[in-house]
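This report refers to the structure that appears directly beneath it.
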Amino acid sequence: MVNRDVAAKFWMKKRWGRGISVILTSAFVVGLLSGCGSTAMTAESEKVQEGAKSSSSNVTLEIEVYERGEAPTGTSVTDNYLTQFAQTNFGDPNGITLEYVPVPRSEDVQKLNVMMASGEVPDIIFTYDENLVYNYAKQGGLTELDSLLDEHGSNLKSFLGEETLEYGVFEGTQYAVPAKRVNIGKYASYIRQDWLDELSLPAPQTTDEVYETLKAFKEKKPGGADQVIPLGFSLTPASYEPIIWGLTEKLTEEQSITLTHQLGSRDYPTLLPGHKEALRFLNKLYLEGLMSPDFALDKDKKKLNQDIQTGKVGMFGADSIEPLHETYKNLKTNVSGAKLTAIDPYTNSTGDHFKPLYKPAGLYIIIPKASKHAAEAIQYLDWMAQEDTLFLMQNGEETKHYSLEEGIPVRLDTEDAKKDLFNTGDMAIISNGQDFGDAEKNKMADLMSLSEEDRELGKQVRDITLVDGVKPVRFDKPLESQIKYGTLLQEKYDELVARSILAKANEFDATYDMLLGDMMKSGGEAILKERHELYQAMKKQ
């Protein structure tokens with residue numbers, strides 16, 4: 001398999017001219033809960049704080065925080081257990097008042113753009129969209145962070161590591177602090193093991209075996225269900241990406257760089273060899289009644305999750321261990337004897353199980369140029385990166401919020417834990433997931449959120465998400481064509497997937513070719529051309 005980081009290694013050496021437009025995306029947050037907590041500060045922490053105090057007296061540091069409307073009674077996103085912990089242990093020792101600025105989660109991009117345009121913007125803001133970050137940087141709206149990180153961010157740099165930090169570099173300059181993504185695996189597939197047992201069938205291990213298994217589910221209706229949906233499916237990436245990427249073929253170096261489209265935060269396999277045949281396979285499943293009939297209307301997985309929980313679905317793709325929480329719990333409650341197992345069945349012509357991976361960076365933390373407190377902002381993030389600080393922000397206090405099992409903190413099912421830590425993922429913004437500095441321990445910590453009987457299944461799922469994983473291609477500067485056409489092409493890609501699957505068998509080729517042609521005319525050709533130019537420039541070096 002080609003090394004898909006090759007482009008990044010080349011473009012990190014180049015400096016680019018100014019370039020192009022806008023885009024949107026998500027952000028993450030910081031805030032919530034009431035009560036107060038304290039923990040012994042390490043000697044290193046106290047030293048850092050003393051050094052910061054002399055330059056940070058009487059400062060108000062503003063930090064963006066999501067307003068999700070989920071704060072427990074008596075708390076708010078701006079006044080809670082973790083905001084008070086941060087004020088007590090970072091703000092007070094350094095003469096800094098921490099002020100959290102609420103932004104509605106559903107309007108975060110619009111609000112961010114308005115605040116940036118007006119100059120009335122918090123000192124710390126964040127987004128998941130690197131195109132948005134690049135656009136701000138291109139317009140001169142962001143603080144350059146290289147020297148600030150060198151001076152104030154030793155803990156932060158050590159925690160994130162060079163691989164993650166590189167994702168915040170644009171045209172040779174560090175404009176963002178990317179959060180460290182602990183788990184880069186995306187997808188796995190699940191199947192009803194009790195149905196396989198009832199029909200004396202093995203778990204499918206290839207695409208052809210998937211088809212035969214789904215036919216058996218439809219014809220024999222295991223479990224006595226009135227309605228059987230052999231393959232649960234929705235118009236969401238977790239449903240179609242495991243199948244489409246799984247059926248794509250091995251790529252040359254040039255293909256890996258030129259034939260994908262990065263739209264928003266994901267690589268789309270639009271032009272990869274095997275893409276059309278993957279959709280033809282899904283078209284066949286649909287026409288034979290082997291998948292969710294109303295998938296094209298299910299764009300948020302609500303119908304799919306409902307069908308899984310009521311025992312109708314035999315097999316489905318999902319975001320890693322996500323279904324092992326409420327969805328699987330409800331399935332076992334509703335259907336006696338129901339049991340899921342994890343599988344990795346989609347294969348191409350050479351037996352590979354390709355699937356996309358996340359980049360090792362999550363949200364992008366940025367400091368607007370308008371901020372007068374960039375040093376204090378980095379000091380805040382550096383304080384958060386200290387082991388004791390991050391541990392408490394993610395887990396709380398022992399006996400009050402968690403107990404230790406095999407050295408792993410497991411959150412207690414208590415009112416204190418629910419009230420004080422419901423927003424911990426939003427507050428500990430430098431880390432997407434719990435990081436204990438050890439890959440196996442990180443994996444186990446993630447699985448501790450599952451019931452004890454489901455942890456082994458969760459471990460299998462985590463392993464599957466990494467098999468034949470495909471890393472996203474990254475350039476030191478987002479492609480101008482992708483920024484310009486990305487939003488439109490995301491919509492057109494969903495249309496390509498849905499209408500190709502729904503097409504009559506004798507109209508599949510014409511439908512697919514027409515919709516792909518429309519995508520290419522609507523910006524796909526420009527992306528392909530720019531990527532080819534980048535590849536040719538790389539080869540001349």
Side-chain angles (χ1 to χ4, degrees), residues 5-25 27-28 64 112-113 115-117 119 121-181 262 264-265 359-382 385 429-430 472-484 486 530 534 537-538 541:
D5 287 329
V6 65
K9 293 178 181 177
F10 167 69
W11 290 107
M12 287 297 293
K13 300 177 183 177
K14 291 184 67 67
R15 292 193 65 84
W16 294 73
R18 294 280 178 179
I20 212 74
S21 69
V22 325
I23 217 125
L24 41 78
T25 221
F28 224 154
E64 179 191 357
L112 210 57
N113 284 330
M115 290 190 296
M116 286 290 288
V121 60
D123 300 291
I124 296 176
I125 57 177
F126 20 72
T127 176
Y128 275 104
D129 193 331
E130 68 175 346
N131 291 331
L132 184 64
V133 176
Y134 173 70
N135 186 57
Y136 288 161
K138 175 180 68 74
Q139 295 176 351
L142 298 182
T143 299
E144 297 181 9
L145 303 178
D146 299 85
S147 60
L148 287 167
L149 284 169
D150 288 341
E151 185 175 356
H152 302 291
S154 59
N155 293 302
L156 187 59
K157 291 174 68 174
S158 177
F159 171 73
L160 295 176
E162 184 177 342
E163 182 182 20
T164 298
L165 277 169
E166 281 185 353
Y167 278 83
V169 174
F170 298 87
E171 301 185 74
T173 299
Q174 191 89 40
Y175 281 110
V177 174
K180 185 176 182 179
R181 186 182 290 278
Q262 188 189 79
S265 60
K359 57 191 174 186
L363 80 168
Y364 296 85
I365 305 167
I366 50 182
I367 301 174
K369 195 79 168 182
S371 171
K372 294 180 174 61
H373 306 302
E376 290 84 358
I378 294 298
Q379 289 163 7
Y380 173 76
L381 298 175
D382 190 73
I429 56 175
I430 62 170
V473 175
R474 182 182 188 266
F475 302 101
D476 189 25
K477 162 185 171 293
L479 276 65
E480 297 181 3
S481 54
Q482 291 178 167
I483 297 173
K484 183 175 182 179
E530 188 173 2
L534 298 180
M538 180 186 75
Q541 297 297 309

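Computed from a predicted structure; not experimentally measured.
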Taking only distance into account, with no hydrogens and no angle test, what donor-acceptor pairs under 3.5 Å do side-chain atoms of residues 142-149 form with protein atoms, sequence neighbours excluded?
from : atom 1 : to   : atom 2 : distance (Å)
T143 : OG1    : I367 : O      : 3.3
T143 : OG1    : P368 : O      : 3.1
D146 : OD1    : Q174 : N      : 3.0

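When all heavy atoms of S481 and E530 are compared, the pair lying nearest together is OG-OE1, 2.6 Å. Closest heavy-atom contact between P178 and T164: CG-O, 3.2 Å. L160 and A179 make their closest contact through CD2-C, 4.4 Å (heavy atoms, listed as atom of the first residue, atom of the second, distance). Considering all non-hydrogen atoms of both residues, A361 and R181 come closest at O-NE, 3.6 Å. Annotation for L363 and Y128: closest pair N-CE2, 3.3 Å, computed over non-hydrogen atoms.
A donor-acceptor pair under 3.5 Å is formed between the side chain of D382 and the backbone N or O of N155.
Between E130 and F170, some side-chain heavy-atom pair lies under the 4.5 Å cut-off. Between L165 and K157, some side-chain heavy-atom pair lies under the 4.5 Å cut-off. Between M115 and L112 there is a side-chain heavy-atom pair separated by less than 4.5 Å.
A distance of 8.5 Å separates OH of Y364 from CG of N131, quoted to the nearest 0.5 Å. The distance from the CD1 atom of I430 to the CG atom of L381 is 7.0 Å, given to the nearest 0.5 Å. The structure places CD of E376 at 7.5 Å from NE2 of H152, a figure rounded to the nearest 0.5 Å.
Checked options K484, Q482, K477; the residue passing with E480 is K477 (criterion: side chain to side chain contact (heavy atoms under 4.5 Å, CB included)). A side chain to side chain contact (heavy atoms under 4.5 Å, CB included) with I124 is found for one member of I365, I366, I378, V177 and no other, namely I365.
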query: Between E171 and Y134, is a side-chain contact (heavy atoms from CB on, under 4.5 Å) present by the stated rule, with each step listed?
result: CA-CA 9 Å; E171 301 185 74; Y134 173 70; 3.0 Å; yes
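Contacts of K180 classified as salt bridge (charged side-chain N to carboxylate O under 4.0 Å, His left out), with partners at least two apart in sequence or in another chain: D435.
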